[in-house]
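One structure is given here, and the rest of the page talks about it.
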Amino acid sequence: MAEADAPVPPAASSTAAPADDACPRRAWPSRPWGVGALAALMLLALWGLAWSGARLVKHDSSFSISARTEVLTLEVACGEQLVWDLPPGEVLGASSEAEPQPAQRLSVSLRDGARARLRLDADKRWLLTLDRAPGMGCTAATPDRIGVQVDERSLPPDPEGVHYRSRQAYDLGERPAWPLRGRVVIGEEISFGAGLGGGSSTPMLVQARLEVRTPDAATGQRRLIHEEQVDAGGIVDSHGCLDVRADDLPACVSIAGSVAEGFVHVADGEGSPGFDVQLLVTGERVGVRQQAGSERRVVVSWWAHVLSDSAVQMFAAGVAALSVLLGLLAALKELLPAPAGGREERSR
């Protein structure tokens, strides 16, 4: 019997199996160095923020205030003395029942918590009230806080203070400038009439502009980080203590730690009548109250200090550039094939 033919082995498939040495795709980081580089970048960024914060946390912000107002109140800082020369007018002790004393030349000395309220009356004359500021907490005796020279003669001290009124309207006489140092409140609450057709006779803030700057440790300059406009009828307090009770006012002024310096002078007659104020406040905050609102404290946070520093901005830009470079290198590794030696080792 004839032997059966041997089975023919099946033909090899034309479709080749995938090679073991094909270059596999890898997700970055495929090596420990990638994780380490990423962790190092994060630690570097945290160290930069902490270092910048340590340098900036001791610095104070500066608040620049430009305003035109019909009323201003100054509370002289403890240990300070200011001298204002006034135009001709009338002066009278607050507790005196005599007639006001006319004076051609007047000079007032304010020190250690004296309070001066300067405003315009309905006839556009200057009214100045001098008394004690309860919020400053100074220890000087009341008569020593206020000194008045009338035609080179000293006015007897009055425990209730002193009243002054200019002889002429503000736009007809002299335009002196007076220094400010202490707590300064620009504007005041508006009191309306009693329904008799007189309207409001209370002087008010006309307009004010507030700019906030922080120190730049790298350049030594101050960088503008915030600005805002205060509308007519608002109030600006250099110490941010507008809504504080009278009993808590000394503590609020002390905690604020602000120093307000500048000057006030009579406006040049153009635009709304009033006084022009230029004030620089160094401290933690400034209080702003828009018309018919509550006080809002403008505060520069530690985070705003850090983000506004040019050294921090350059450092952040460098970290971002390094991160992008590492990402590009990782993407390039994905596109390039692995070395031949690596393929043979994986095939085994």
Side-chain angles (χ1 to χ4, degrees), residues 64-75 82 84-92 100 102-108 110 115-131 161-194 196-211 228-238 242 260-281 286-293:
S64 177
I65 303 171
S66 302
R68 175 165 292 191
T69 181
E70 298 171 348
V71 58
L72 173 142
T73 301
L74 165 68
E75 299 178 1
L82 303 177
W84 289 4
D85 293 328
L86 304 177
E90 300 175 338
V91 64
L92 178 67
Q104 185 65 26
R105 291 184 299 173
L106 293 95
S107 178
V108 297
L110 310 173
R115 177 169 58 186
R117 180 176 180 267
L118 180 65
R119 68 183 183 92
L120 293 178
D121 65 4
D123 298 327
K124 297 183 180 181
R125 297 189 182 187
W126 313 358
L127 297 181
L128 179 63
T129 301
L130 307 174
D131 58 5
V162 178
H163 295 308
Y164 160 82
R165 184 185 184 190
S166 66
R167 182 180 302 171
Q168 293 181 319
Y170 82 102
D171 53 350
L172 299 179
E174 304 175 10
R175 299 181 58 247
W178 302 303
L180 303 172
R181 183 174 176 85
R183 180 191 177 202
V184 180
V185 179
I186 307 173
E188 67 180 21
E189 294 285 352
I190 296 179
S191 299
F192 293 95
L196 301 179
S200 172
S201 60
T202 302
M204 66 178 186
L205 171 72
V206 178
Q207 62 85 23
R209 184 175 184 83
L210 172 65
E211 297 180 349
E228 67 177 86
Q229 193 82 14
V230 183
D231 298 332
I235 306 176
V236 180
D237 183 358
S238 63
L242 291 174
E261 296 183 276
F263 63 90
V264 55
H265 66 91
V266 180
D268 56 9
E270 298 180 0
S272 302
F275 305 96
D276 287 336
V277 182
Q278 296 291 332
L279 200 64
L280 179 65
V281 183
V286 164
V288 175
R289 177 190 293 167
Q290 298 286 2
Q291 173 63 24

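Under the rule for a side chain to side chain donor-acceptor pair (under 3.5 Å), the partners of Gln207 that lie at least two apart in sequence or sit in another chain are Gln229. Residues satisfying the side-chain contact (heavy atoms from CB on, under 4.5 Å) test with Asp123, not counting sequence neighbours, are Asp121, Arg125, Arg165.
For the atom pair Leu130 CG and Leu74 CG, the distance stands at 10.0 Å (nearest 0.5 Å). With values rounded to the nearest 0.5 angstrom, Arg115 atom CZ is found 9.0 Å from Arg183 atom CZ. Annotation: the span from Asp237 atom CG to Leu242 atom CG amounts to 4.0 Å, rounded to 0.5 Å. With rounding to the nearest 0.5 angstrom, the CZ atom of Phe275 is 3.5 Å from the CG atom of Leu118. The distance from the CD1 atom of Ile186 to the CZ atom of Arg68 is 13.0 Å, given to the nearest 0.5 Å. Taking CG of Leu110 as the start and CZ of Arg181 as the end, the distance is 14.5 Å to the nearest 0.5 Å.
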### Query
Are Val277 and Ile65 close enough, and set up right, to give a side-chain contact (heavy atoms from CB on, under 4.5 Å), and what steps lead you there?
CA-CA 8 Å; Val277 182; Ile65 303 171; 5.9 Å; no
### Criterion side-chain contact (heavy atoms from CB on, under 4.5 Å) on Leu128 and Leu86, from CA distance to verdict
CA-CA 10 Å; Leu128 179 63; Leu86 304 177; 3.8 Å; yes
### Working for side-chain contact (heavy atoms from CB on, under 4.5 Å), residues Ile235 and Val185
CA-CA 7 Å; Ile235 306 176; Val185 179; 3.7 Å; yes
### Task
Could you walk me through whether Leu210 and Val236 pass side-chain contact (heavy atoms from CB on, under 4.5 Å), step by step?
CA-CA 9 Å; Leu210 172 65; Val236 180; 5.8 Å; no
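Heavy-atom minimum distance, Gln290 versus Asp231: OE1-N, 3.1 Å. Contact detail for Gly187 and Thr69: the closest heavy-atom pair is N-OG1, 3.8 Å. Nearest heavy-atom pair, Arg167 versus Ala103, reported as atom, atom and distance to 0.1 Å: NH2-O, 3.5 Å.
Here the side chains of Pro179 and Trp84 are in contact, with some heavy-atom distance below 4.5 Å. Contact annotation: the side chain of Tyr164 approaches that of Pro87 to within less than 4.5 Å [non-hydrogen atoms, C-beta and beyond].
Side-chain atoms of Glu261 never come within 3.5 Å of backbone atoms of Leu280 as a donor-acceptor pair (strictly under, hydrogens ignored). Although no hydrogens or angles enter the test, the distance criterion places a donor-acceptor pair under 3.5 Å between the side chain of Ser238 and the main chain of Val184. Counting only distance, with no hydrogens or angles, the side chain of Glu70 and the backbone of Val206 share no donor-acceptor pair below 3.5 Å.
Aromatic ring centres of Trp178 and Trp126: separated by under 6.0 Å.
Between Arg119 and Glu188, none of the side-chain N atoms (NZ, or NE/NH1/NH2) sits under 4.0 Å from a carboxylate O, so this pair counts as no salt bridge.
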